[in-house]
Amino acid sequence: MENKPLSVVEALRQAHFALLKDLAGLEDAARFSVGTDSTEMRSRLERTRAHITEHFRFEEQNGYMDAVLAREPNLARTVESLREEHRQLAQELEGLIERTMTGRPMEDAFRDQVRSWLESVRRHEARENTLVQDAFNVDFGAQD
């Protein structure tokens, strides 16, 4: 049987699902892993890095960002700001991964940083959702 390539929409859906699962797992690990070594957290962070990188790539390359710009070019500054957030979130995630290389027990401060990063990702995703809604919301207005 021949394997068909995934449609862009289906691939994006799968990447989004994998990312949400990773974020939930990270949140649980940051909340409940007091006193454990950082090996499991590093593994979770690395999985999240793979999924978030794929997710951001879908958004930026022939994804919703291109569609928004084609429909509403005046939103270019907002789109560029979201792209910059992709780079910042990825860089912050790399810093978190580096901090897990010690193998020492996770401290409360580190777990707080993970939770803060997760909240930044959620706020970012909410801004993206708002952008798409603003760009594709057609105001039909009231008819007299």
Side-chain angles (χ1 to χ4, degrees), residues 1-140:
M1 183 197 279
E2 185 177 326
N3 286 337
K4 292 182 181 179
L6 291 176
S7 73
V8 173
V9 173
E10 179 60 18
L12 180 57
R13 187 191 68 75
Q14 287 181 10
H16 189 74
F17 178 78
L19 177 61
L20 291 176
K21 185 176 176 185
D22 286 342
L23 295 179
L26 266 177
E27 187 167 38
D28 287 345
R31 186 179 308 126
F32 299 118
S33 58
V34 176
T36 60
D37 73 37
S38 57
T39 305
E40 175 62 25
M41 180 61 79
R42 182 175 59 246
S43 176
R44 288 180 182 275
L45 289 167
E46 288 172 343
R47 261 192 319 273
T48 300
R49 176 180 53 195
H51 291 141
I52 205 164
T53 299
E54 183 177 3
H55 182 76
F56 289 166
R57 182 180 58 81
F58 278 127
E59 291 178 342
E60 292 184 18
Q61 298 172 2
N62 300 315
Y64 86 87
M65 288 182 172
D66 290 341
V68 165
L69 290 174
R71 183 171 172 95
E72 297 289 340
N74 59 310
L75 294 174
R77 185 173 290 165
T78 303
V79 169
E80 186 52 40
S81 175
L82 291 168
R83 284 183 174 141
E84 179 57 31
E85 285 182 22
H86 287 174
R87 291 184 282 279
Q88 290 171 353
L89 290 167
Q91 188 175 34
E92 290 170 14
L93 181 56
E94 287 301 321
L96 292 172
I97 292 170
E98 285 178 24
R99 289 201 51 206
T100 64
M101 299 299 186
T102 65
R104 295 189 313 230
M106 291 189 338
E107 301 168 352
D108 287 341
F110 175 75
R111 293 179 321 110
D112 289 344
Q113 286 179 334
V114 171
R115 287 191 296 269
S116 176
W117 181 83
L118 288 165
E119 186 56 36
S120 294
V121 171
R122 288 187 179 105
R123 283 191 309 269
H124 170 82
E125 290 294 311
R127 282 191 294 277
E128 288 179 337
N129 290 342
T130 299
L131 174 71
V132 170
Q133 289 171 358
D134 289 348
F136 292 97
N137 185 17
V138 178
D139 183 12
F140 291 103

Could you walk me through whether Thr130 and Arg127 pass the side-chain contact (heavy atoms from CB on, under 4.5 Å) test, one step at a time?
CA-CA 5 Å; Thr130 299; Arg127 282 191 294 277; 5.6 Å; no
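Salt bridge status for Glu40 with Arg44: present, with a side-chain N to carboxylate O gap under 4.0 Å. Of the charged side-chain nitrogens involved, at least one lies within less than 4.0 Å of a carboxylate oxygen, so that Glu84 and Arg87 count as a salt-bridged pair.
Side-chain atoms of Phe58 and His55, non-hydrogen and from C-beta on, never get closer than 4.5 Å to each other. In this structure, Glu59 and Glu125 have side chains that are in contact, with non-hydrogen atoms separated by less than 4.5 Å. Looking at Val132 and Glu128, their side chains never come closer than 4.5 Å, going by heavy atoms from C-beta outward. No side-chain heavy atom of His51 sits under 4.5 Å from any side-chain heavy atom of Lys21. Annotation: side chain of His124 is in contact with side chain of Leu82 (closest heavy-atom distance under 4.5 Å). Here the side chains of Leu89 and Leu93 are not in contact, with every heavy-atom distance at 4.5 Å or above.
Across all their heavy atoms, Arg42 and Thr100 have their closest contact at NH1-O, 2.8 Å. Nearest approach of Ala70 to Pro73, heavy atoms of both residues: O-CD, 4.3 Å. Ala135 and Leu75 get closest at one heavy-atom pair: CB-CD1, 3.9 Å. Residues Gln61 and Asp66 come closest through the heavy atom pair C-OD2, 4.1 Å. Considering all non-hydrogen atoms of both residues, Leu131 and Val79 come closest at CD2-CG2, 3.8 Å. Taking every heavy atom of both residues into account, Arg111 and Arg31 meet most closely at NH1-O, 3.3 Å.
Checked by atom type, the side-chain pair Arg57/Thr53 shows no donor-acceptor distance below 3.5 Å. Using a 3.5 Å distance cut-off with no hydrogens or angles, the side chains of Arg123 and Ser120 do pair a donor with an acceptor.
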